[in-house]
Q: 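Handing you this structure, nothing more for now.
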2 protein chains.
Amino acid sequence: MRRVTMADVAKEAGVSKSTVSQFLNKRYEHMGDETKEKIRAAIEKLGYRPNYIARSLKQKRTAMIGIIVANIMHRVSTEISRAIEDYCHEHDMHAIVCNADDDPVKERKYIEMLRARQVDGLIVFPTGENIELYKQMEKENYPIVFVDRKIDGVNVNTIVVNNKEATHQAVSHLIQKGHRKIAIVTPPLTIYPRIERVNGYKQALRDYSIKIKPEYMISTDIKNILSQLKTVFTLPEKPTALVAGNDLSFFEVMTFIKENRVCIPQDLAIVVFDNIPFANISNPTITTIAQPAYEMGKKAAELLLKQINKERVGSELYTFPCKLIIRESSSEKNIIN
Amino acid sequence: MRRVTMADVAKEAGVSKSTVSQFLNKRYEHMGDETKEKIRAAIEKLGYRPNYIARSLKQKRTAMIGIIVANIMHRVSTEISRAIEDYCHEHDMHAIVCNADDDPVKERKYIEMLRARQVDGLIVFPTGENIELYKQMEKENYPIVFVDRKIDGVNVNTIVVNNKEATHQAVSHLIQKGHRKIAIVTPPLTIYPRIERVNGYKQALRDYSIKIKPEYMISTDIKNILSQLKTVFTLPEKPTALVAGNDLSFFEVMTFIKENRVCIPQDLAIVVFDNIPFANISNPTITTIAQPAYEMGKKAAELLLKQINKERVGSELYTFPCKLIIRESSSEKNIIN
DNA sequence: GTGAAAGCGCTAACAT
DNA sequence: ATGTTAGCGCTTTCAC
């Protein structure tokens, strides 16, 4: 039972392949109604399904894009990916998502893999370590958009959030609520967004003339966070508020809180930089700095498709504002547990 | 600047296309060392990247599979998809994920789309409404695996969980803790797993000779759940325990709880059928019936790849057991809030 | 050991 | 209004 091809349809309908091709591509300008009907019937009878691979080979476009996420464990990455996929589907494109797992080697492998598959463009949450590869794509004018991290020296459209300002705003809010001893917990300061978040934190303290205490600043691998938290909370001056630099750090903080029976928010106020699902319906009540994932993803996809369609190129930096979502338990005490 | 093709490499290296092809496919059995080196150098010099689309056309395989998820809003669907993708990547395959959004029309569209793209096989969380299409694929012997829902009359390898038994176990547990007034909330009973969950609930009540009260059983569209919950909780005999049939129902329940200041678990014990992220670190403390998403995804992928490689076919039903994860707050009172 | 040639299923000039 | 033809970039017999 051989695969049904366009030639079979053509023969069945008594026309040529090109006519069938016209039909399939809905170019029926000069096509007889009966011809149309014959082709339609032949397709139906044979159960013909077009082969997009063959078409792609000829047309040199696959209607697929690749998304390379630095680390899919971050909630916001999956949210942005989803937004990109949705936008793509609306425009008859498909997306292949790959997880670089914060590994530049994997990132490179996936970029090459996806390009070998002839994806029409790439949206990358860059690890930042493959500068030469990025530059090469830029030089080739290959359609690409960066998300989450700006890479210096690579001129590519880039989507980021206002990490510094948003953190500044959140810390200022804590200070205005009376907090003076504010800790911050992040993964290692190896990438730009994390550095900016810490910078925003420091700036806010400075603006209120509060001394920056290095012992309140934890920046270490996820697996070490728990032990360092223990150290901080045995200091004579325990923090009364804490900023988690991203969701993964937050989970460590939560584990610490649960294990050590810290009361939220009486003993400790918490602000998290990242989208925490169900933060609004769950306790402890935590304030979050939400990234506009949907808008970011949509913009990234939009820019990429424009590049693919040669409508524009450019290499601008698009900075999206985060939203501080303040949740304070106030009157909710003793409702839950 | 034309794209570099294999012919260019061949010319540059002073060999023929077929030799280059051999080289790329690592078939160097009878290949001179100097030939190898010449080709390697030419590839490097020209920056050649193979075109997998052309290869796919010739080989009639794309090393891609499609995943069609009934509704990506369910946490467990994304977990299973992730597991499938991981398994695929380990086997040099890629996956394209599509969200049917519980819409049979979209499901059909995606199935046809993915097959036109020549994916080597499909993993489908079936809506259940495209029986003819499923049967056709079965007849064509097209590699396919169903996940989450068994479709009667379609003989395809299928991965499900023990919905009925797991719910039975959870409800039994509630009864053993002294509950007699147990409600259940699910989306409409249109698909098999939901029906089975309700059946497990009923069976458990029967086993303990507890009367089944229709007024405790809410099965309605997500958007109506809230209002029906209000009705239930104004009954003279309020439930003391509640089973949420899936994660989306649970979120509605949580909203209700928050709005109406119901105390968990004093006023109401809650069990959720589904994987709720952070259930372990968050309050209120809820018991969950966890589906083994990783194992399910892995098995689905494994079965599909075997079909693709013609190692086996079969159309078995694989039932995975869920795990009841009991979380009771006990001594944790007043630690949080 | 390496090359020549045919062909995968489709599209797009160009002819008619 | 439809047909002819020449590829797209690769793999794969089968010769040499």
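Below, all heavy atoms of this structure are taken into account, side chains as well, without hydrogens, waters or symmetry copies. Just so we're on the same page: letters track the sequence lines, and every chain starts at 1.
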Q: Taking the six-membered ring of B/Tyr28, is the NZ or CZ of B/Lys36 close enough (under 6.0 Å from the centre) and on axis enough (within 45°)?
A: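 Checked: cation-pi criterion met.
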Q: Can you check the A/Ile39 CD1 to D/dA1 P distance for me, whole Å?
A: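 Taking atom P of D/dA1 as the reference, CD1 of A/Ile39 is at 14 Å.
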Q: Using heavy atoms and a sub-4.0 Å distance, could you list which residues of residues 14-27 of chain A are near DNA chain D? By number, please.
A: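 Close to the strand are A/Gly14, A/Val15, A/Ser16, A/Ser18, A/Thr19.
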Q: Less than 3.5 Å apart, any donor N or O on the side chain of A/Gln136 or A/Glu140 sitting next to an acceptor on the other?
A: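 Their side chains do contain a donor-acceptor pair, which is all the 3.5 Å distance test asks for.
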Q: Would you mind telling me which of A/Lys109, A/Arg115, A/Arg108 makes a side-chain hydrogen bond (donor to acceptor under 3.5 Å, both in side chains) with A/Glu112?
A: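 One option only clears the test, and that one is A/Arg108.
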Q: Is it the case that the side chain of A/Gln307 and the backbone of A/Ile144 share a donor-acceptor pair, with hydrogens and angles ignored and the cut-off at 3.5 Å?
A: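 Looks like yes, one N/O pair under 3.5 Å.
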Q: Would you mind reading off the distance between A/Lys11 atom NZ and D/dT4 atom P, rounded to a whole angstrom?
A: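 Distance, rounded to whole Å: 14 Å.
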Q: Below 30° counts as parallel, above 60° as perpendicular, anything between as tilted: where do the rings of A/Phe146 and A/Tyr134 land?
A: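 Perpendicular.
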Q: State, to 0.1 Å, how close B/Ala10 and B/Ser16 come at their nearest heavy-atom pair, and which atoms those are.
A: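 In this case the closest contact between B/Ala10 and B/Ser16 is CB-C, 3.7 Å.
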Q: Looking at A/Thr190 and A/Arg194, what are the two nearest heavy atoms and their distance?
A: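 Heavy atoms only, the tightest pair is OG1-NH1, 3.5 Å.
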Q: Quick one: do the A/Tyr110 and B/His94 side chains pair a donor with an acceptor below 3.5 Å?
A: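 No - no donor-acceptor pair under 3.5 Å links their side chains.
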Q: In whole Å, what is the span from the NZ atom of A/Lys38 to the C1' atom of D/dT2?
A: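 Between C1' of D/dT2 and NZ of A/Lys38: 10 Å.
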Q: Please list residues of residues 44-65 of chain B whose heavy atoms come under 4.0 Å from any atom in DNA chain C, ordered by number; otherwise none.
A: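 DNA chain C contact set from residues 44-65 of chain B: B/Leu57, B/Lys58, B/Lys60.
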Q: Classify the nucleic acid contact of B/Met6 as base, sugar-phosphate or nothing, counting any heavy atom under 4.0 Å across all strands shown.
A: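 Result for B/Met6 = base.
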Q: Starting at atom CG of B/Asp8, determine the distance to atom C1' of D/dC10, rounded to an integer number of angstrom.
A: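 Distance check: B/Asp8 CG to D/dC10 C1' gives 13 Å.
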